[in-house]
Asks: 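First the structure, which I've put down as structure tokens, then a few questions once you've had a look.
Below, chain A is the first sequence line, B the second, and so on; all start at residue 1. Only heavy atoms go into these numbers, but all of them, side chains included; no hydrogens, no water, no symmetry mates.
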Amino acid sequence: MINTGPILIIEDDPDSAEAFRLGLEGAGYVCEVFGSAEEALPHLSTAGALVLDLALPGMDGWGVLKEAAAHNVPAVIVSAFHDPDVADQAERKGAAGSFPKPVNLEELLACLSGLKT
Amino acid sequence: MIRFSTLRSRLTLAFMLVSLAPLAGASIAQGVASFQTQLAETISIERAQATRLSADVSAYLTGFEAQLATAAKTISALDIASSQSLLAALPAYPDSFQEISLLNKTGQELVVLSRLRIVRPADYKVVSADSPEYQAVYPAFQAVLEQNKPYYSPVFFDAATQEPTLTLALPIDDPLTGNLQNILVAQARFQPVWTFVASLAVAEGERVYITDQTGRLVADVNPSLVLAGTRRDLQKEGLSEGLTGSQVILAEQEILFGDQVFVVVAERATSTALSSAYNSVLIAAGAALLAALVSTFMGILAARSLASPILALSQAVGRVAEKRGQFTADDTIALPSLQARGEIGSLTRDFAQMFDQLRLAAIDRTQDLARRETLAKLSTSLITARNREEITTGFCLVLKESLGAYSVVLSNHAPDDFHLAVAARSGTYSLAIDRGQPLTVEELGMISTAAPLLGTRLDNLALVEEVLRADRMKTEFLATMSHELRTPLNAIINFALLIQKGSLPAEKVSELIDRIRANGLTLLNLVNPVLDLAKIDSGTYKLVIKPFLLREILEDTIKNNASLEGFLKKKIELIQELSPDLPHMVNLDKERLSQVLTNLLSNASKFTKQGQVTIRAFALSSAYFCVEVEDTGIGIPPNMMNRVFERFTQVDQGFGRAQGGTGLGLTIAKQLVERMGGTITLKSTVGVGSTFSIKLPVDVEQAASATVFEKVELR
């Protein structure tokens, strides 16, 4: 699967979003940051991949994940819910990966580079 | 004409008639030959029956040995010190056994698995000959110790279970030295054998039962005879005296079980077995009867008056026997007229009375068995449950089937240490099961959910609910806290990593350092209340009571909070109304007062979308003053009003969680206000707003001594 569009960072905590953006841009990705699902959804069809938080105002991350699957866009979950169930559920619902916060940026980048091959 | 008014005189007549029979000697000889053929045939039928039964019983007994050997293997492999591994052994605890104990050579109990009583490792004792509770275990233990071979006790009546029981004991050798190390003693239920015997299909007039070597009955269709009845004539085959003393044809088969011999007996009443043989004798006797016409005529008359009530009675007895003890409350039985005179009449009345007693006893017994069976199933399913699903499933299934209402006793040792000493109580029976470890909150939750659905009463219910609610709140709190802590940590760790990589421009680096600091402060604000509450709980939280200027502290606090993000972002107006009658100086802890107000203002800023927050302070009397924080926020529903001050509670209306925080602010505020001799109250209307009012003494030390003084005066 080759996706050439930008990576959408959907994250309501501005500091976490900034950290992801700087990390991804440092690795050469083009990123767009959105603070809510509603803002991000119109850009989904052209996205290369998603870095997706679960606890979002309005539609939550699971809703976005479903939309992403419909558009064939791979999504990587980053969540502060530290529960093995979240990882299981993410896998079942077709997430490309799942990282509990605090996220290890190196691992997140490795996961994203795996998607690009 | 003679009146044959008594049974005795009628029988005398009957014997006179029978004595005429030898007149037809030749015919009778023929009849006797036929009788002997019939006898031989019956013996062979009963022999087959006894053999067949003995094979089944022997298989059952061998099953005991096999099950015990398996249990022995599991139990002796246990790490005895760990109750966890004891639990692991439970699935290997077959339900044929009421109790299994592993003893060492001194008789000390090492492991006790029991369906009869709660035995905790702390209760383990040394078995002794004197103690009545070891009267079955001790001889078995002693026998194995002396002879170093398996021991099988005679069947005995266990007072605790009200069941025929068999003690089995096995030596367990040290795997290294091969010397005797431990002894496993088990109480096996003999009842299944007995039930099995009672369920066998038998021919009319036939009876099968099991005795021990001495002829004592250990299994029979009539449970009241078990261990009470004895076979007096120990003849092995042929015509003999039956169990009830009547004449029978029987055959027996021995089963060797360890040291014990069981004898399976199949017997058939001579009257039914030989009826056709008797018939041929009677036909032969017919000629003789013809020869004595007058006597015969009189005989027929006598027999008729004698026979019809006896026949009716015998039919009634037959019907009772057919029921095999399975009576119901409204069973009736047709009896010959109770008005019959003489012995027949009194026999009939006796029989009616006996039937009545039998019926009542049988009903009791049926209910009893059902109850006991349910309890046994309950114990098995709970005792062998390895996880919570199995506990619930077992619990539900068994209680659904149960007859009466069970009371499930959740015994608790400490406020949150409930044991599955879940005891089922029914009627006069009670059965306690202890899994040997405290219930998890999940198990407790499932049992308390399942119980009312199944019409079961839960003891300690209020306490259980309190524990469950507290736990739910704790779990939610931990989940929230974990989420709240991870978000700033994510920023801090990753910003630090990005700076470390060194590829960012200098001004970006300094921005990130600011952000790291801000997130660090967020973390601190999350951690502080938890630490505060921990200190308050542990009693190490010291107030610093000093006189200070009230108005100054109130104004400072308001000023510091006016810059709260919530007030600035949402443009909420912060109004202060400090009454001129406020006391000038107060003697309280000024830091804590400021902290309480900060908590209230912070809450108000979170839960108010628009409008204003008013902080109002005024004197109540010369000794008390009041500070109020009023908002135009979402308000608090009435059912939550009392609970907002409880720890870990957040009013979550899809609004609360998004506001973050620990949910401890109001709990801490309440504790602090109370420590300063005051009270905090709440008025709120959903959609309109909330007002928190703090009433505080002007001088906490004076207020405290005044209270003491009042109390002294009241006495």
Asks: Output the option from B:Thr487, B:Leu512, B:Leu489 having the highest count of non-hydrogen pairs under 4.5 Å with chain A.
Replies: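 Max contact count across the listed options: B:Thr487.
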
Asks: OG/A:Ser16 to CZ/B:Arg486 distance, rounded to the nearest 0.5 angstrom?
Replies: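 It comes to 12.5 Å.
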
Asks: Consider side chain to side chain contact (heavy atoms under 4.5 Å, CB included). Of B:Ile492, B:Ile516, B:Asn519, which one does A:Asp15 pass it with?
Replies: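 Looking at B:Ile492, B:Ile516, B:Asn519, the match for A:Asp15 under the side chain to side chain contact (heavy atoms under 4.5 Å, CB included) is B:Asn519.
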
Asks: Who in residues 501-509 of chain B is close to chain A, using a strict under-4.5 Å heavy-atom cut-off?
Replies: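 Listed by number: B:Lys501, B:Leu504, B:Lys508.
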
Asks: Report which part of A:Ala17 has an atom under 4.5 Å of a heavy atom belonging to chain B: side chain, backbone, both, or neither.
Replies: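 Neither part; nothing is under 4.5 Å.
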
Asks: Taking side chain as C-beta onward, heavy atoms only, is B:Phe495 less than 4.5 Å from A:Glu18?
Replies: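 Yes, at least one pair of side-chain atoms sits under 4.5 Å.
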
Asks: Step through the shown structure and confirm whether more than 12 heavy atoms of other residues, nucleotides or ligands are within 6.0 Å of CD on A:Glu91.
Replies: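 Atom CD in A:Glu91 is not packed in, count stays at 12 or less.
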
Asks: Among B:Asn490, B:Asn494, B:Leu485, which residue satisfies the side chain to side chain contact (heavy atoms under 4.5 Å, CB included) criterion with A:Lys101?
Replies: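 The single option meeting the side chain to side chain contact (heavy atoms under 4.5 Å, CB included) with A:Lys101 is B:Asn490.
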
Asks: Would you name the heavy atoms of B:His483 and A:Ala80 that are closest together and state the gap between them?
Replies: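 Shortest heavy-atom contact: CD2-CB, 3.3 Å.
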
Asks: Between A:Pro57 and chain B, which part of the residue has a heavy atom less than 4.5 Å away: side chain, backbone, both or neither?
Replies: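 No part of it gets close to chain B.
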
Asks: Show your working on side chain to side chain contact (heavy atoms under 4.5 Å, CB included) between A:Leu105 and B:Ile493 and close with a plain yes or no.
Replies: CA-CA 9 Å; A:Leu105 260 182; B:Ile493 291 175; over 6 Å; no

